[in-house]
There are 2 protein chains.
Amino acid sequence: MGSMLGLERQRLLLQHLRARGSGNVVDLASALGVSPSTVRRDLRDMNDRGLVTRVHGGASVADAEIEAVLAARAAQHSDEKRRIGAAAAVDVPDGATVLITGGTTTEAMLPHLAGRERLTVLTNGLNIALGLSRCPGISTVVLGGVLRHGELSLLGPLTEQALVEFHVDVAYCSAFGIHPSAGLTGADVREAGTDRRLLQGAEHLVVLADASKIGRRGPVRLAGTARIDRLITDRAAPPEQLDALRSAGVEVQVC
Amino acid sequence: MGSMLGLERQRLLLQHLRARGSGNVVDLASALGVSPSTVRRDLRDMNDRGLVTRVHGGASVADAEIEAVLAARAAQHSDEKRRIGAAAAVDVPDGATVLITGGTTTEAMLPHLAGRERLTVLTNGLNIALGLSRCPGISTVVLGGVLRHGELSLLGPLTEQALVEFHVDVAYCSAFGIHPSAGLTGADVREAGTDRRLLQGAEHLVVLADASKIGRRGPVRLAGTARIDRLITDRAAPPEQLDALRSAGVEVQVC
DNA sequence: CACCGCCTGCTCATAGTTGCGCGATTGTGG
DNA sequence: CCACAATCGCGCAACTATGAGCAGGCGGTG
């Protein structure tokens, strides 16, 4: 049964997973006529690429709706994200102009920014803007743009154009993945152009990423490791990946 | 019921909880065919992730913040506003590009726009944008700008500048007041410049105003009656004011 | 034909998950 | 306020999945 290409096998795997939403390793292996080891390798690879979510015993599709809702909810209360958000917020200099990109991880910064004075926050995320609408000490500027359906972030030429008007001291962003050689990567080509531009103009770049994003590589490159000043992540992050990132010149903060 | 995946089990758990709003550990355990210990572990995990709220004996679903905000705002809408919103939404032409300014009255249009196809909506209101984020048939463009504290609308040069890029068929707006001789007026000088510009470029202008705003005059003038094509209001509006507006060339619709 | 890289499948020590029992904690009714 | 019952968290043992390492097969290349 050697006549199956790796990519073709992964495609079948994904198809099987979509049919039921999830599946365990043994069943998938017998369904495809390969060994469980191969399935594990494939699933790990697909997990790194964000196509599926690996769980003990099998995997489930990382598909838009449920996963997004789950992630959004998780973001609001998860201890890891809260800590990451707090750590990021601490070092926001008073009087600065910062950019906070849309996303669930960055949203965790908001509670810790609430009391700040003389802060200017630029954002392309409606969730961020909403959270800041009650903070009197913070001038919030929403970069315009096209709203992605199901998401709460703004994209497109309008967003990029608006940013030209400002000087950004620090950009705080999350992304699909961060990888020692690939740098900061995104999952969606349509988002990439805007995200890239958002990060380009900033004086300093700080990445907020929970452990699941460390070592993950998406299809589009947003910024090289050289551009990344700091990474804030949680304790579950694989140490060897963090070391590699440190070697690449990224200041890594684990909390 | 031999093998059950961890994530799948939690998903079922959540589903069971949503059905009744809450549930106790033993029932959930027997419903899923696992031990109470496993349910407890799952619930603790889900509690940490903010999906549910753990209480003694069981758990209840924890609703997300943003949805709660939207629901609360939706509940605030009186019958009058709902009817006004519905009447305004009916005549939005398919395939058009419309502007909906921020505000609570205009927000009432959203439920009636949900099913539309090929519609482009421009807005400077975060509440409007938020409500449209789940509508797949509508392209939503958020005009950037500075967020007013306590409000959910965007203002400033950025907003005005963004609007230049578009051709607006119809603008739907609410305001502080509408008066036969003063026209459409606003309450806040800082908002006025932006509001004026927003309405300027539109082909047609539709005003949504409940009875309390009819005949009222604010300090700043936003648009003359000649510019106003249509006014949608409710039955409590003073008829003599409506007649005067009709004489001024405004098409008045009472609902 | 030999060499080499690559993928596959197997083995095994390790890590993770599950269910049960026990003592501690919490809620409830007298 | 106390006693009782339900529930909880934790440690334990059985079981299962996992990832790393290793041998064998396949196809391309000099």
Side-chain angles (χ1 to χ4, degrees), chain A residues 1-14 16-17 20-62 79-80 179-181 210-212 214-217 234-244, chain B residues 1-14 16-17 20-49 51-62:
Chain A
M1 187 82 64
S3 64
M4 186 178 302
L5 210 57
L7 209 76
E8 185 64 18
R9 189 181 53 235
Q10 292 196 3
R11 204 183 56 77
L12 278 173
L13 220 36
L14 197 59
H16 272 262
L17 284 174
R20 292 193 143 272
S22 63
N24 68 65
V25 174
V26 192
D27 291 351
L28 289 169
S30 67
L32 274 78
V34 295
S35 76
S37 292
T38 303
V39 174
R40 287 196 186 96
R41 275 188 277 253
D42 280 340
L43 288 181
R44 190 191 329 165
D45 189 41
M46 291 160 80
N47 181 65
D48 288 348
R49 294 188 324 192
L51 273 66
V52 301
T53 302
R54 191 73 165 83
V55 294
H56 200 89
S60 60
V61 287
D79 270 356
E80 283 78 20
H179 185 277
S181 63
D210 61 87
S212 70
I214 308 294
R216 200 155 73 157
R217 281 197 291 195
D234 59 72
R235 275 188 282 269
E240 68 277 7
Q241 294 278 352
L242 297 183
D243 282 339
Chain B
M1 186 84 66
S3 66
M4 168 143 357
L5 232 49
L7 202 98
E8 191 62 27
R9 189 181 52 235
Q10 292 197 3
R11 198 169 290 177
L12 278 173
L13 223 35
L14 198 60
H16 273 260
L17 284 173
R20 292 188 155 272
S22 63
N24 70 67
V25 174
V26 274
D27 289 351
L28 289 169
S30 66
L32 288 156
V34 296
S35 75
S37 294
T38 303
V39 174
R40 287 197 184 94
R41 276 187 276 252
D42 279 340
L43 288 180
R44 176 160 29 137
D45 189 42
M46 291 161 79
N47 180 63
D48 289 347
R49 286 164 39 195
L51 291 159
V52 300
T53 303
R54 191 75 166 82
V55 293
H56 199 87
S60 60
V61 287

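The sequence lines fix the lettering, A, B, ..., with proteins before strands; numbering per chain opens at 1. Worth saying up front: this structure is predicted, and the values here are computed from it rather than measured.
Within a 6.0 Å radius of CZ in A:Arg217, other residues, nucleotides and ligands contribute 12 heavy atoms or fewer.
To the nearest angstrom, P of C:dT17 lies 10 Å from CG of B:Asp42. Remark: C1' of C:dT26 and CG of B:Asn24 are 16 Å apart, rounded to the nearest angstrom. Atom pair B:Asp45:CG and C:dT18:P shows a separation of 11 Å (rounding to whole Å applied). Spacing between atom CG of B:Asp27 and atom C1' of D:dT7 amounts to 14 Å, rounded to whole angstrom units. The distance between atom CG of A:Leu13 and atom P of C:dT8, rounded to the nearest whole Å, is 12 Å. Taking atom CG of B:Leu28 as the reference point, atom P of C:dG19 lies 14 Å away to the nearest angstrom.
Proximity of a side-chain donor or acceptor of A:Asp234 to a complementary backbone N or O of A:Ala211 within less than 3.5 Å is detected.
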side-chain contact (heavy atoms from CB on, under 4.5 Å) evaluation trace for A:His16 with A:Leu32: CA-CA 9 Å; A:His16 272 262; A:Leu32 274 78; 4.1 Å; yes
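The closest side-chain donor-acceptor pair between A:Gln10 and A:Arg41, if any, does not fall under 3.5 angstrom.
Between the CG atom of B:Leu14 and the CG atom of B:Asp42 there is a distance of 11.0 Å, given to the nearest 0.5 Å.
Considering only residues two or more places apart in sequence or on other chains, B:Arg20 meets the side chain to side chain contact (heavy atoms under 4.5 Å, CB included) condition with none of them.
Here the side chain of A:Arg9 is nearest to one of C:dG9, C:dT8, C:dG19, namely C:dT8.
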Just the table, please: protein N/O against nucleotides 8-10 of chain D N/O, every pair under 3.5 Å.
| residue | atom | partner | partner atom | Å |
| --- | --- | --- | --- | --- |
| D:dC8 | OP1 | B:Arg54 | NH1 | 2.8 |
| D:dC8 | OP1 | B:Arg54 | NH2 | 3.0 |
| D:dC8 | OP1 | B:Gly57 | N | 2.8 |
| D:dC8 | OP2 | B:Arg40 | NE | 2.6 |
| D:dC8 | OP2 | B:Arg40 | NH2 | 3.1 |

